Amino acid sequence: MKKVIIIGASSGIGKELAKIFASNSYEVGIASRRTDLLNELAAELPTKVHVATIDVSNSHLAIQSLEKLIQDMAEVDVIIISAGTGYLNPSLIWSQEKETIDTNVTGFTAIAGVAMRHFINRKSGHLVGISSIASIKGSNICPSYNASKAFISNYLEGLRKKAVKEKLKISITDIQPGLIDTAMAKGEGLFWVSSSQKAAKQIFKAIQQKKKKAYITKRWAIVAWLLKILPEFIYDNI
Ligand SMILES: NC(=O)c1ccc[n+]([C@@H]2O[C@H](COP(=O)([O-])OP(=O)(O)OC[C@H]3O[C@@H](n4cnc5c(N)ncnc54)[C@H](OP(=O)(O)O)[C@@H]3O)[C@@H](O)[C@H]2O)c1
């Protein structure tokens, strides 16, 4: 039986991914801060489930807790980091910027490191990070969120290069969602908003295919392409 750990599985994309992996006979480890929601989810899943309370923004403890979860599951094939946070923060309130960086940058790096060390030891594995289309450009209303997602995508690219150069049998997938109907989809004028179920289906497929990068839903590849070619003087004024 294959095994997966999903960090950030109490709601949204991570929760739907846990359901899909379990229905595909994976043993599942689910982690985040809201243990009550994780236990509710665990009761729904048809395969063996391990629940761990992990706050990735407390990187020291998060490393220990994830190492323990991996030990409890003996070996893990796939580790998905869906945990993330962000605020519309035009006033640049420091506590919100800091929480975003602690979770999406420091926390992400800490747990990606645990995953990589596990995969290096067992000589194979698959690390998946849920970044965002927001990684492509800076934002005036949520600058730390977009910057943190740029960090995640760049970090994953670095880990992929490490795997290739060191001939490690480790796959790295950078998932870049556009807009998904969860608590994280904030702001006005939202468009092309997908359900978390549809998003999770497409993410599961991208993981099975060991894609390096996937835009979710697929049509967001068009927005990604536009953002990449848009001249700075136009982007600054829209
Ligand atoms: N929804 C979108 O439109 C969208 C678009 C692009 C990218 N994304 C990314 O998708 C990922 C999942 O978000 P979602 O849309 O599914 O929203 P969500 O329903 O709010 O899920 C966020 C998940 O992250 C977990 N989390 C947050 N802070 C955490 C922490 N400090 N430690 C551990 N877990 C933490 C939450 O669990 P607890 O609260 O229980 O800890 C929850 O399970 C995020 O990384 C987000 O940036 C979302």
Side-chain angles (χ1 to χ4, degrees), residues 5-20 29-42 51-66 69 79-88 95-96 98-112 114 128-137 139 142 144-153 155-156 173-200 202-203 206 213-217 219-220 223-224 227:
I5 287 178
I6 301 162
I7 301 125
S10 57
S11 61
I13 298 168
K15 181 178 178 181
E16 293 308 319
L17 281 172
K19 290 183 192 170
I20 296 181
I30 49 176
S32 78
R33 295 165 301 179
R34 290 174 291 172
T35 320
D36 49 338
L37 294 183
L38 295 175
N39 284 330
E40 275 173 30
L41 174 61
V51 173
T53 306
I54 299 182
D55 178 353
V56 303
S57 69
N58 184 338
S59 53
H60 184 66
L61 275 182
I63 288 171
Q64 289 177 357
S65 306
L66 182 58
L69 177 60
I79 297 181
I80 303 172
I81 309 173
S82 190
T85 196
Y87 295 92
L88 301 177
S95 59
Q96 296 184 351
K98 182 178 183 313
E99 187 188 331
T100 305
I101 295 163
D102 286 348
T103 306
N104 301 2
V105 177
T106 313
F108 180 92
T109 310
I111 53 178
V114 174
V128 181
I130 311 291
S131 176
S132 170
I133 212 103
S135 63
I136 298 167
K137 286 281 187 191
S139 166
C142 44
S144 63
Y145 181 74
N146 285 39
S148 71
K149 293 296 181 180
F151 176 89
I152 288 173
S153 289
Y155 198 81
L156 290 169
T173 300
D174 176 6
I175 298 292
Q176 299 204 0
L179 285 167
I180 317 294
D181 189 13
T182 70
M184 283 291 293
K186 296 168 182 164
E188 286 166 14
L190 305 186
F191 63 103
W192 287 357
V193 181
S194 148
S195 70
S196 51
Q197 290 82 358
K198 183 175 178 183
Q202 290 193 10
I203 294 170
K213 185 189 285 187
Y215 298 107
I216 305 295
T217 54
R219 53 160 78 166
W220 280 88
V223 177
L227 285 171

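What you see is a predicted model, and the numbers here were worked out from it, not measured in a lab. Quick note: residue numbers are just sequence positions, from 1. Every number for a ligand or one of its atoms is a count from 1 in the order of the listing.
- Counted by atom type alone, Glu99 and Tyr87 present one or more donor-acceptor pairs between their side chains at under 3.5 Å.
- If you check the side chains of Ser153 and Asp174, you find a donor sitting under 3.5 Å from an acceptor.
- Between the side chains of Arg33 and Ser57, no donor-acceptor pair is found at a separation under 3.5 Å.
- A donor-acceptor contact under 3.5 angstrom links the side chains of Ser148 and Asn104, judged on distance only.
- Note: Gln202 CD to Ile180 CD1 = 8.0 Å, rounded to the nearest 0.5 Å.
- The 4.0 Å heavy-atom shell around ligand 1 contains residues Gly8, Ala9, Ser10, Ser11, Gly12, Ile13, Ser32, Arg33, Arg34, Ile54, Asp55, Val56, Ser57, Ser82, Ala83, Gly84, Thr103, Ile130, Ser131, Ser132, Tyr145, Lys149, Pro177, Gly178, Leu179, Ile180, Thr182, Ala183, Met184, Ala185, ordered by chain and number.
- Side-chain atoms of Thr53 and Thr35 form a donor-acceptor pair, as typed in the model, at a separation below 3.5 Å.
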